Amino acid sequence: MSECIQLSFAVCRIGIYTCFRGLCCKGPPPPRPEYDLVCIGLTGSGKTSLLSRLCSESPENVVSTTGFSIKAVPFQNAILNVKELGGADNIRKYWSRYYQGSQGVIFVLDSASSEDDLETARNELHSALQHPQLCTLPFLILANHQDKPAARSVQEIKKYFELEPLARGKRWILKPCSLDDMEAVKDSFALLINLLEEKDLEPSRM
């Protein structure tokens, strides 16, 4: 009987040691990759609100960006350091000064805006897609405010913005979004992270 007790005690000690070793010697998880992105769009498109919600910030503290702001947006497999640029008329002409070092682009548009604002957004997106510092980068284009009655569909936006001929050969994603469905917004960012990871794996050009 005593031998059985001693054996059980030994097995128990081994189990405790294995458990303790697993908990204490596992080590910290590997660091998540970080990507530097630029976020552009007209005033009122919803850039600040979307980024604030992704950072779990209170909507009461959201103030429209007048110059630029930087947010570290955490995801499970990456951290996006997003430089958001104000979208007012007097600021847009300086956007290109902040493009350097970007690894990807987020363009937010108000899908329920007036025809004039939509035309302006179209011109700004075309300019960004063709800019030398951005033209080879992955683009996430968010057609925001889909919860509004006047919102255009993704198909209408794609046709009006002439994305198929303009962005052929580029890495771009066009997705509908609204603050009412943040899970869909997160899914859109997950697709962008996939594009960023794919670009990381490309062989460097000599």
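Keep in mind the model is a prediction, meaning the values are calculated, not measured.
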Chemist: Check the pair Glu183, Lys186 against salt bridge (charged side-chain N to carboxylate O under 4.0 Å, His left out), reporting the backbone distance first and the verdict last.
Modeler: CA-CA 5 Å; Glu183 288 303 315; Lys186 292 176 183 177; 3.8 Å; yes

Chemist: Once salt bridge (Lys or Arg N to Asp or Glu O under 4.0 Å) is applied, what residue pairs with a partner in residues 92-104 remain, sequence neighbours excluded?
Modeler: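 Sorted result for residues 92-104: Asp89-Arg92, Arg92-Glu124.
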
Chemist: Would you say OH of Tyr94 has more than 12 non-hydrogen atoms from neighbouring residues, nucleotides or ligands within 6.0 angstrom?
Modeler: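 For Tyr94, atom OH is not crowded (no more than 12 foreign heavy atoms under 6.0 Å).
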
Chemist: Once side-chain contact (heavy atoms from CB on, under 4.5 Å) is applied, do any residues pair with Gln155, and if so which ones, sequence neighbours excluded?
Modeler: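 Gln155 satisfies side-chain contact (heavy atoms from CB on, under 4.5 Å) with Ser153 only.
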
Chemist: Kindly write out the residues that satisfy side-chain hydrogen bond (donor to acceptor under 3.5 Å, both in side chains) with Tyr99, not counting sequence neighbours, or none if the list is empty.
Modeler: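 Not a single residue meets the side-chain hydrogen bond (donor to acceptor under 3.5 Å, both in side chains) criterion with Tyr99.
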
Chemist: Of all residues at least two apart in sequence or in a different chain, which pass the side-chain hydrogen bond (donor to acceptor under 3.5 Å, both in side chains) check with Asp116?
Modeler: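 Checked Asp116 against side-chain hydrogen bond (donor to acceptor under 3.5 Å, both in side chains); zero matches.
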
Chemist: Identify whether Tyr35 and Leu192 are in the same connected component of the hydrophobic contact network (ILVMFWY, side-chain heavy atoms under 4.5 Å).
Modeler: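 Yes.
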
Chemist: Lys158: what forms a salt bridge (charged side-chain N to carboxylate O under 4.0 Å, His left out) with it, not counting sequence neighbours?
Modeler: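 With neighbours one apart ignored, the set is Glu164.
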
Chemist: According to side-chain hydrogen bond (donor to acceptor under 3.5 Å, both in side chains), who are the partners of Gln76, at least two apart in sequence or on a separate chain?
Modeler: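 If we apply the side-chain hydrogen bond (donor to acceptor under 3.5 Å, both in side chains) test to Gln76, skipping adjacent residues, there are no hits.
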
Chemist: Once side-chain hydrogen bond (donor to acceptor under 3.5 Å, both in side chains) is applied, what residue pairs with a partner in residues 101-113 remain, sequence neighbours excluded?
Modeler: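 Residue pairs with at least one partner in residues 101-113: Asp110-His145, Ser111-Gln146.
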
Chemist: Holding to salt bridge (charged side-chain N to carboxylate O under 4.0 Å, His left out), I want the full list of residues that pass it with Glu119, two or more places apart in sequence or in another chain.
Modeler: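 Partners of Glu119 under the salt bridge (charged side-chain N to carboxylate O under 4.0 Å, His left out) test: Arg122.
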
Chemist: Testing the basics here: between Thr48 and Glu84, what is the closest heavy-atom pair and its distance to 0.1 Å?
Modeler: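 Taking Thr48 first and Glu84 second, the nearest heavy atoms are OG1-OE2, 2.6 Å.
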
Chemist: Does any pair with a residue in residues 69-82 pass salt bridge (Lys or Arg N to Asp or Glu O under 4.0 Å), and if so which ones, sequence neighbours excluded?
Modeler: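 Sorted pair list: Glu57-Lys71.
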
Chemist: Run the side-chain contact (heavy atoms from CB on, under 4.5 Å) test against Leu179 and tell me which residues pass, sequence neighbours left out.
Modeler: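 Residues passing side-chain contact (heavy atoms from CB on, under 4.5 Å) with Leu179: Ser49, Leu50, Arg53, Met182.
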
Chemist: Residues in side-chain contact (heavy atoms from CB on, under 4.5 Å) with Lys170, at least two apart?
Modeler: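 Testing Lys170 for side-chain contact (heavy atoms from CB on, under 4.5 Å), a comparison that skips the adjacent residues, returns Leu129, Cys135, Ala167, Trp172.
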
Chemist: List for me each residue that meets side-chain hydrogen bond (donor to acceptor under 3.5 Å, both in side chains) alongside Asn81, sequence neighbours excluded, and say none if there are none.
Modeler: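 Once residues adjacent in sequence are excluded, the partners of Asn81 under the side-chain hydrogen bond (donor to acceptor under 3.5 Å, both in side chains) criterion are Glu34, Asp36.
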
Chemist: Considering all heavy atoms of both residues, which atom of Val108 and which atom of Cys39 are nearest to each other, and what is their separation?
Modeler: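 Shortest heavy-atom separation between Val108 and Cys39 comes out as CG2-SG, 4.2 Å.
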
Chemist: For Lys175 and Ser188, indicate whether the former's side chain and the latter's backbone hold a donor-acceptor pair under 3.5 Å.
Modeler: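 No.
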
